[in-house]
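Below is one structure, written out as structure tokens; the observations come after it.
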Amino acid sequence: MSAPLRMGRIAYLNVLPIYHPLEAGIIPHDYELVSGPPALLNEMMGRGELQVSSCSCFEYARRPERYYLVDDLSIGSHGSVMSVLLLSRVPVERLGGQTILISGETHTSVALLRLLMRDRYGLDVHYATGSVTSALHHGTPPVAFLAIGDEALRLRNHPDYPYRVDMADAWMEWTGLPFIFGLWVISREAVESGILPDDPGALLRQGRDWGLAHMDVILDLTAHGCPLSREELAFYYRQGLTYSLGAREQEGLRLFYAKLAGAGLIPACPELRFFGRS
């Protein structure tokens, strides 16, 4: 008996509209869903332990030869994303020479932060990797920290950190383009071995379309224990996030890659190679 196909799922609220119909059996499929933070899923894809996964756009840029992109699917924003935030005790312009605490769970958001600090704000800052939640409750709290995902939603109004930069909003103000945090990728090795029965992207887009069309169900599922009100959640899903990867989103992604390459954070600006396209 062949091993089950495995699909990675970021363990954040932002992908619930895509994965709930798959997890609930509303849309049948043959995949085992594996949940985890972005950095872990990147590693699992790299080791061949997943055939399909949500993936940081930074991971695709580092190893594009390993992946095909899923067409017309992403996690991004055309402005304020709400769940990727720089929170600071002091105004951003006073962070020069300070240390910003960053999470080891994300590569893309950290790379964006480095670009913004260096090229938009012109600041020379230091970075330390660690647990944000632990640092806030034990030892000396950081001057500033980068929060992502559900943690950012929970900490966004922290009284000790009154200065907030929404990272996607800062990118939009800087470039005029959407920012793409996450992509979906398919293992080229899996494609070449012939173990995929059909296009995984079609399944994921079907999940996305169901989730967005049944937003009341998604809001009911999300509301329990969530720091956002139902109205804030509705805004988050419908306007804070984009789940498409159209021409404008691709333009923003390519610019991010070009800036990363120019800063020496990736070897080169990768070509966007999509599954099923010649």
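Annotation: side chain of Q206 is not in contact with side chain of D209 (no heavy-atom distance under 4.5 Å). M167 is not listed as a side-chain neighbour of S109, based on a closest heavy-atom distance of 4.5 Å or more. At a threshold of 4.5 Å between non-hydrogen side-chain atoms, the residues M7 and E32 do not count as touching. Using a 4.5 Å cut-off on side-chain heavy atoms (C-beta onward), H20 and V217 make contact. Looking at heavy atoms from C-beta onward, H158 lies in side-chain contact with L136 at the 4.5 angstrom threshold. Contact check for S54 versus Y19: side-chain heavy atoms found under the 4.5 Å cut-off. With contacts defined as side-chain heavy-atom distances shorter than 4.5 Å, the pair L245/Q250 qualifies. Looking only at side-chain heavy atoms (C-beta outward), W171 and P178 stay at 4.5 Å or farther from each other.
Distance CD/Q98 to OG/S88: 8.0 Å, rounded to 0.5 Å. Taking CD1 of I18 as the start and CD1 of I10 as the end, the distance is 9.0 Å to the nearest 0.5 Å. For the atom pair L233 CG and L153 CG, the distance stands at 8.0 Å (nearest 0.5 Å). Note that CG of L73 and CH2 of W184 are 4.5 Å apart. Values are rounded to the nearest 0.5 Å.
By the 4.0 Å N-to-carboxylate-O rule, R188 lies too far from E192 to be salt-bridged with it. Using a cut-off of 4.0 Å between Lys/Arg side-chain N and Asp/Glu carboxylate O, R62 and E59 are scored as salt-bridged. Using a cutoff of 4.0 Å between basic side-chain nitrogens and carboxylate oxygens, R205 and D199 are scored as salt-bridged.
In terms of heavy atoms, I266 sits closest to A261 at CG1-N, 3.6 Å. Summarising the geometry of L265 relative to F58, their closest heavy-atom pair is O-CZ, 3.6 Å, with the distance given to 0.1 Å. The nearest pair of heavy atoms linking R89 to P142 is NE-O, 3.3 Å. Considering every non-hydrogen atom in both L41 and G36, the closest pair reads CD1-O, 3.7 Å. In terms of heavy-atom proximity, D72 sits nearest to G246 at OD1-N, 4.2 Å. Scanning all heavy atoms of the two residues, the minimum distance from L22 to H29 falls at O-NE2, 3.0 Å.
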For side chain to side chain contact (heavy atoms under 4.5 Å, CB included), just list the numbers for L253 and C57, CA-CA rounded to whole Å, side-chain angles, deciding distance to a tenth of an Å, and then say yes or no. CA-CA 8 Å; L253 183 60; C57 71; 3.7 Å; yes
Evaluate the criterion side chain to side chain contact (heavy atoms under 4.5 Å, CB included) for residue pair Y12 and I148; output intermediate values, then yes/no. CA-CA 9 Å; Y12 296 153; I148 64 167; 3.3 Å; yes
Would R254 and E249 satisfy salt bridge (Lys or Arg N to Asp or Glu O under 4.0 Å), going step by step from the backbone distance to the final call? CA-CA 9 Å; R254 289 190 178 96; E249 290 82 11; over 6 Å; no
Output, in order, the C-alpha distance, side-chain angles, deciding distance and verdict of side chain to side chain contact (heavy atoms under 4.5 Å, CB included) for L212 and Y243. CA-CA 10 Å; L212 294 179; Y243 294 100; 4.0 Å; yes
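Q51 places no side-chain N or O within donor-acceptor distance of the main-chain N or O of A190, the cut-off being under 3.5 Å. A distance-only check finds a donor-acceptor pair linking the side chain of R66 to the backbone of G46 [under 3.5 Å]. In this structure a side-chain-to-backbone donor-acceptor pair under 3.5 Å is missing from S53 to C55. The main-chain N or O of G97 is never found under 3.5 Å from a side-chain atom of D124 such that the two would form a donor-acceptor pair.
Using cut-offs of 30° and 60° for the angle between ring planes, the H214 and W210 rings count as parallel.
Grouping the Ile, Leu, Val, Met, Phe, Trp and Tyr side chains by contacts below 4.5 angstrom, directly or via other members, places L5 with I27. Note on V84 and L101: separate hydrophobic clusters, where clusters join Ile, Leu, Val, Met, Phe, Trp and Tyr whose side-chain heavy atoms are under 4.5 Å apart, directly or indirectly.
When only modelled atom types and interatomic distance are considered, Y237 and T222 share a side-chain donor-acceptor pair under 3.5 Å. Side chains of D169 and S80: a donor-acceptor N/O pair is absent below 3.5 angstrom, by distance only. Residues Y236 and S83 bring a donor and an acceptor atom of their side chains to less than 3.5 Å of each other.
Centroid-to-centroid, the aromatic rings of Y67 and F275 stay 6.0 Å apart or farther. For Y68 and F274, the distance between ring centers is not under 6.0 angstrom.
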